[in-house]
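The structure under discussion appears below in the form of C-alpha cells.
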Amino acid sequence: MLGKQKIEISALMLLLSLSLSTCDARHFSSSSSSSLSSVFGKKPSLLIDSSRQISSSLSSSLSSTASAILDIRGGASKQRKRGGKSASLSSLNAKPSSKSKSKTKKTASGATSVQKQADQKNTLSDTLQKYKSILPLTRIYITLVVSFTILGTILGDEVTQSLLGLDPIRTIYGLELWRPLTAACFLGPPSIGWLMSAYYLFEYGSSLEKVYGSAQHAIFIMGQITLLTACALLFGQPFFGQSVITSMLHVLSRSMPHQKVKWLIFTVPYWSLPYGLMISDVLQGGAGAALPHVLGILCGHVYYFHKFVWPRMSESGGVDWLVAPAFLVRRLEGGSGGSDVGRKSVEAALKKRKKGKGRKLSG
C-alpha cells in the first residue's frame, strides 16, 4: 500500500509539472509570436508552426499521463460515473441465492410478502391439524367454551349473566333448555385462570376420553351436567364449568390414586390433585371458591361409584348401569369399542385395589 501511494504522489507531481510547462509554453509561443511579428513583419509562420507542434505534443503527453494515473489508482471509468454506486469485492464475488431472491420480493408498500405468506400458511395448517387431532367430544367441548367466552366478552357481564347463566325460573317455566349447557361451558372472562381451566379441560378431558372411549365419555358428560344442574340450582351457582373439570380429574385420580404426579413444583399422589386445585383457588379467591370444586368431587364420585364400584358388589349382580349403548358406540367410535388398551389398563389398576383385606382378631 505504501508503494502504491508513493507512485500516485510522484505521478501527481509529474502531472503538475507538465501542466505548468504547458502553460509556460503557450505563453511563450504567444509572446514570441507577437514579438516576432513586430520585428519581422506579420509573417512568422515557421516559428508559429513549431510552437504549435510543441504545445500539441505536450498536451498529448499530459492526457496520456493522466490516463496512466487513473489506471494506477484503480480505473475511474465513465461507467462508474453513470452508476453512482460502489461495491466491495466480497459483494461482487458473492452470488445471490434462491432463498434471498424469494425473501427480497416486495409488495407495492415495500414489505416482503413471499416469506410471510409461507410462514402464515404453515402456522395455520399446523394449528388446524392440531385442532383436528383432538378427540371429538373434547374438541366440541373446547369449541363451545371458546365460543361462549367470546360471546360473553362482547355482551358484557350483566347480559352474559342473564342470557347464559343457570336461572331456575327461566329454565323450568320458560323452557330455556340451553342454560344447563351454557352454564357448563362458560368459564368466565379471559384471564390467566381461564387459560389454566381451559388447559385442565383439554388435558383431563382428553385423557378420560382416550381411556374410556368417546361413547362412555358422552355418558359421563351428560351425567355430570344433569347432576351439577341440580346441585347448582340448589346452591345458587349460575355457572359450573369448573365443577365439570374437577369431576373429570376426580374420576381419573380414583382409577390410580397412589400414582405420583407432578403439580406445580410438588410431587403428589394422584388422588390429592383435585384437593390441591381447590386449595389453590381458595388461596386466590377466598372460601367461596371451594364450592365448585366440592360439587365437582361429589358428582364425580357418584359416577365413579356407580360405574366401577357398584358392578363389583354382590348386591348389584354385576350390572353396569352406566354402560354406553350400542348405537352411541357405533355413532361415535365406528363400532371399534373405543380404546380397549386404555380401558384394560384402568380395569387392571382397579382390580389391584383389593377390599376387605384385614386381620381377624382372635378371641
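Numbering of residues begins at 1 and proceeds along the displayed sequence.
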Using atom types as modelled and distance alone, determine if a side-chain donor or acceptor of [X] lies under 3.5 Å from a backbone N or O of [Y].
X	Y	result
Gln259	Tyr270	no
Ser272	Pro269	yes
Arg179	Thr171	no
Arg254	Gly300	no
Arg139	Ile134	yes
Gln224	Cys299	yes
Thr246	Gln242	yes

Q) Passes side chain to side chain contact (heavy atoms under 4.5 Å, CB included), Leu201 versus Ile142? Steps please. A) CA-CA 8 Å; Leu201 175 62; Ile142 292 175; 4.3 Å; yes

Between [atom1] of [X] and [atom2] of [Y], what distance do you get to the nearest 0.5 Å?
X	Y	atom1	atom2	result
Leu298	Ser243	CG	OG	10.0 Å
Tyr199	Ile245	OH	CD1	12.5 Å
Ile297	His250	CD1	NE2	7.0 Å
Tyr204	Ser206	OH	OG	12.0 Å
Thr182	Glu176	OG1	CD	9.5 Å
Leu249	His293	CG	NE2	10.0 Å

Q. Is the Tyr304 ring parallel, tilted or perpendicular to the His301 ring (thresholds 30°, 60°)?
A. tilted

Q: For the residue pair Trp310 and Trp321, categorise the inter-ring angle as parallel (less than 30°), tilted (30 to 60°) or perpendicular (more than 60°).
A: tilted

I'd like to know if [Y] and [X] are part of one continuous hydrophobic network [Ile/Leu/Val/Met/Phe/Trp/Tyr, side-chain heavy atoms within less than 4.5 Å].
X	Y	result
Val302	Met278	no
Leu273	Val294	no
Leu228	Phe235	yes
Met196	Tyr275	no
Leu175	Trp178	no

Q. Would the number of heavy atoms belonging to other residues, nucleotides or ligands and lying under 6.0 Å from CD1 of Ile169 be above 12?
A. no

(Q) Within a 6.0 Å radius of atom CG on Leu128, are there more than 12 heavy atoms belonging to other residues, nucleotides or ligands? (A) yes

Q: Report the C-alpha distance between Tyr200 and Leu195 in whole Å, list the side-chain angles of each, state the deciding distance to 0.1 Å, and finish with yes or no for side chain to side chain contact (heavy atoms under 4.5 Å, CB included).
A: CA-CA 9 Å; Tyr200 292 147; Leu195 289 175; over 6 Å; no

What is the minimum heavy-atom distance between [X] and [Y], and which atoms define it?
X	Y	answer
Ser197	Leu187	CB-CD1, 4.0 Å
Gln216	Glu333	N-OE2, 4.3 Å
Ala290	Val282	CB-CG2, 3.5 Å
Leu332	Ala215	CD1-CA, 3.8 Å
Leu252	Ser207	CD1-CB, 3.9 Å
Leu164	Phe186	CD1-CD1, 4.4 Å

Is there side-chain contact between [X] and [Y], with heavy atoms separated by less than 4.5 Å?
X	Y	result
Leu181	Cys185	yes
Thr267	Val261	no
Val323	Ile219	no

Q: Quick one: do Phe240 and Leu166 satisfy side chain to side chain contact (heavy atoms under 4.5 Å, CB included)? Show the steps, please.
A: CA-CA 9 Å; Phe240 52 86; Leu166 185 63; 4.0 Å; yes

Q.
For Phe220 together with Tyr303, are the ring centres under 6.0 Å from each other?
A.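 Yes.
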
Q. Between Tyr212 and Phe308, is the ring centre distance below 6.0 Å?
A.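 So the answer is yes for these two rings.
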
Q.
Before you tell me yes or no, could you show the steps for Asp157 and Gln161 under side chain to side chain contact (heavy atoms under 4.5 Å, CB included), namely the whole-Å CA-CA distance, both residues' side-chain angles and the distance that decides it to 0.1 Å?
A. CA-CA 6 Å; Asp157 293 337; Gln161 183 83 13; over 6 Å; no

Q | Which residues share a side chain to side chain donor-acceptor pair (under 3.5 Å) with Asp167, sequence neighbours left out | A | none

Q.
Distance alone, cut at 3.5 Å: any donor-acceptor contact between the side chains of Ser214 and Glu209?
A. yes

Between side-chain atoms of residues 144-154 and protein atoms elsewhere (two or more places apart, or another chain), which donor-acceptor pairs fall under 3.5 Å?
residue	atom	partner	partner atom	Å
Ser147	OG	Thr143	O	2.7
Thr149	OG1	Val145	O	2.7
Thr149	OG1	Trp194	NE1	3.0
Thr153	OG1	Thr149	O	2.8

